[in-house]
Amino acid sequence: MNTETIVQDQRILTLDALLAASTARTGLDDFGDAGFREGLGLLLSDIRALDLDPACVQATAWRIGQSLDTRALAVKGLRERPEALEQPIREPIIIAGLVRSGTTALHLLMSLDPQFQGPEHWLTVYPMPRPPRETWDGIAEYRTEKASLDAYLAASPESADDHMMTAEGIEESLFILGASFASNMWPSMWDAPRYDRWYRGRDDTDSYRWLADVLRLIGAGDDRRWLLKNPTDLFSLQEVLNVFPDAKIIQTHRDPVDSTPSVSNLIFSARRAFCGDKADRADVGRREAEMWAQALERAESVREKSDATFIDVEFRDFTRDQMASIRSIYDQLGLTLTAETEGAMQAWLDAHPHKPSKGPKHRPEDFGLTREGLEERFAAYRARRGYI
């Protein structure tokens, strides 16, 4: 490929070009508060420095463009429904914990309880007041995202196993936070060192205000309690409580020596999809180990001085008896678990049995790490949780 072609490919990864492309797709040119431009500008600068091949440039432009479209749609929806911003979000239940510590299964199980609402996947892409469920098949945005997600999962069956994603199913709040462009999602998908330093050094309260407003739009007129999940909330736990001061936090726990190689493999799969041969296993392993060690210590610091409610769930206990863990959570939160809901949860578990592994699928060495290095990095957390 000649230099001129590379330069032309890179031109679509500029702020102005991506904003113009989003406007062309949606017909919307209002992206709300301009604060998002700082982070997005840094991210794009880092991505252009990677000199990605044309296919990866196109994939990158599509992925970032999708979040710009989401942002513009949310801004439009909130301008049309300003009364939604007055709707309180009371005592949301927020599941946070290391990636690969049972957060997804716990979130999906609790989402079967009709007393909760959560952001469905397609509505995190096309935010709007949640239409009646029976109308979704007739909504173009739902059909578009369902087809897109089905195609992605067919091409990436590992992601289907890891996330159990469906267009109509509950989704983690990371997808909404991504449209703030101050999110852990972005440096996970690309090696973006300047952006990563900026993101980890900032006060993230504004991102969680954005999340709260988009939730208000999706749940307009629905006063059920919110059930949210995002592992990265551990890193930004103080900002979470700044915006949701009466939140009830469920923190899942697992020995990070065991989980980090699995986390790294998950992130590497995503990075390879957007960076191709530029994706580096050792870079991913280093970044994920560093990020989650920092997140755990930041979360512990917040917990020590907070009056918020925290419930701890051990991965080994949850995988041994999921319903016992659910009952304990409900008891601690003073919630009623009806026989009908318990039956729905058990039916889901029967359809998705936990498959004990015969050994670790991924080793620290696969990602430039060592067991001894992970033991040292996570020593304080492992001592607190009794993993040593």
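- In this structure, the separation between CD1 on I249 and CZ on R303 is 9.5 Å, given to the nearest 0.5 Å.
- Donor-acceptor pairing under 3.5 Å is lacking for the side chains of S259 and R254.
- A continuous path of Ile, Leu, Val, Met, Phe, Trp and Tyr side chains, each step under 4.5 Å between heavy atoms, connects W226 with M128, placing both in one hydrophobic cluster.
- Neither V99 nor F315 shares a network with the other; the hydrophobic side chains, linked directly or stepwise wherever heavy atoms of I, L, V, M, F, W or Y lie under 4.5 Å apart, form separate groups for each.
- Exactly one residue among I250, L228, V313, I329 makes a side-chain contact (heavy atoms from CB on, under 4.5 Å) with I95. That residue is I250.
- When atom types are taken as modelled, the side chain of S45 and the backbone of G41 share no donor-acceptor pair closer than 3.5 angstrom.
- The closest side-chain donor-acceptor pair between S262 and K361, if any, does not fall under 3.5 angstrom.
- By the 6.0 Å contact criterion, NZ on K278 is enclosed, its count of non-hydrogen atoms from other residues, nucleotides or ligands being greater than 12.
- D113 and Y330 are linked by a side-chain donor-acceptor pair at a separation below 3.5 angstrom, with hydrogens and angles left out of the test.
- Although no hydrogens or angles enter the test, the distance criterion places a donor-acceptor pair under 3.5 Å between the side chain of S264 and the main chain of T260.
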One pair to check against salt bridge (charged side-chain N to carboxylate O under 4.0 Å, His left out): D150 and K146. What are the steps and the verdict?
CA-CA 6 Å; D150 287 349; K146 179 172 172 52; 3.5 Å; yes

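- Of the possible polar contacts, one joining the D366 side chain to the R363 backbone as a donor-acceptor pair under 3.5 Å is found.
- Placement of L42 and M185 within a single hydrophobic cluster is found when ILVMFWY residues are connected by side-chain heavy-atom separations under 4.5 Å, directly or transitively.
- Note: W122 and W136 have perpendicular aromatic rings, judged against thresholds of 30 and 60 degrees for the angle between ring planes.
- For R90, the CZ atom sits in a loose shell: 12 or fewer heavy atoms of surrounding residues, nucleotides or ligands are nearer than 6.0 Å.
- Between atom CG of residue L43 and atom OH of residue Y195 there is a gap of 6.0 Å, rounded to the nearest 0.5 Å.
- Figure legend: cation-pi geometry between R298 and F235, with NZ or CZ positioned under 6.0 Å from the six-membered ring centre and within 45° of its axis.
- Of the residues R202, R287, R286, the one that meets the salt bridge (charged side-chain N to carboxylate O under 4.0 Å, His left out) test with D196 is R287.
- T252 pairs with exactly one of I311, D312, L106 by the side-chain contact (heavy atoms from CB on, under 4.5 Å) rule, that one being L106.
- Here the side chains of L174 and S183 are in contact, with some heavy-atom distance below 4.5 Å.
- In summary, the side chains of T14 and D16 do not present any donor paired with an acceptor at a separation below 3.5 Å, with no hydrogens or angles considered.
- One hydrophobic cluster, built from ILVMFWY side chains closer than 4.5 Å, holds both L28 and L123.
- Distance alone, capped at 3.5 Å, places no donor-acceptor pair between the H107 side chain and the T103 backbone.
- No side-chain donor-acceptor contact under 3.5 Å links S67 to the backbone of I64.
- When atom types are taken as modelled, the side chain of T166 and the backbone of G169 share a donor-acceptor pair closer than 3.5 angstrom.
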CA sep, side-chain torsions, deciding dist, call: Q66, T70, side chain to side chain donor-acceptor pair (under 3.5 Å)
CA-CA 6 Å; Q66 185 182 61; T70 296; 5.9 Å; no

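- Judged purely by atom type and a 3.5 angstrom limit, R382 uses its side chain to pair as donor or acceptor with the backbone of Y387.
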Evaluate side chain to side chain contact (heavy atoms under 4.5 Å, CB included) for Y199 paired with D204, printing each intermediate quantity in order.
CA-CA 8 Å; Y199 162 67; D204 220 18; 3.8 Å; yes

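- Open room surrounds CG on D277; 12 or fewer heavy atoms of other groups in view lie less than 6.0 Å from it.
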Check the pair E83 / R81 against side chain to side chain contact (heavy atoms under 4.5 Å, CB included), numbers first and verdict last.
CA-CA 5 Å; E83 72 279 5; R81 297 286 298 269; 2.6 Å; yes

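- Under the 3.5 Å distance criterion, the side-chain polar atoms of Q87 are matched with a main-chain donor or acceptor of G219.
- A donor and an acceptor atom, one from each side chain of E145 and H121, are located under 3.5 Å apart.
- Note that OG of S101 is 12.0 Å distant from CG of D258, once rounded to the nearest 0.5 Å.
- A cation-pi contact, defined as under 6.0 Å to the ring centre and within 45° of the axis, is absent between R71 and F31.
- For S301 and E297, the side-chain atoms include no donor-acceptor pair closer than 3.5 Å.
- Looking at heavy atoms from C-beta onward, S325 lies out of side-chain contact with Q322 at the 4.5 angstrom threshold.
- R271 places none of its side-chain heavy atoms less than 4.5 Å from the side chain of D280.
- Between L241 and F310, the closest heavy-atom pair is CD1-CZ, 4.4 Å.
- A 4.5 Å side-chain heavy-atom check between L333 and E91 finds every atom pair outside the cut-off.
- Between the side chains of Y381 and H253, a donor-acceptor pair is found at a separation under 3.5 Å.
- The CD atom of Q238 sits 8.5 Å away from the CG atom of D203 when rounded to the nearest 0.5 Å.
- The main-chain N or O of Q115 is never found under 3.5 Å from a side-chain atom of R225 such that the two would form a donor-acceptor pair.
- The aromatic rings of W190 and W186 lie parallel to each other, their planes meeting at an angle below 30°, with 60° marking the opposite boundary.
- For E141 (side chain) and V125 (main-chain N/O), no donor-acceptor pair under 3.5 Å exists by modelled atom type.
- At a threshold of 4.5 Å between side-chain heavy atoms, the hydrophobic network of Ile, Leu, Val, Met, Phe, Trp and Tyr places L177 and F244 in one connected group.
- With rounding to the nearest 0.5 angstrom, the CG atom of L217 is 9.5 Å from the CG atom of L73.
- Enclosure of atom CD in E340 is not indicated, since only 12 or fewer non-hydrogen atoms of other residues, nucleotides or ligands lie within 6.0 angstrom.
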Side-chain donor-acceptor distances from residues 372-379 under 3.5 Å, at least two apart:
residue: E375; atom: OE2; partner: R371; partner atom: NE; Å: 3.1

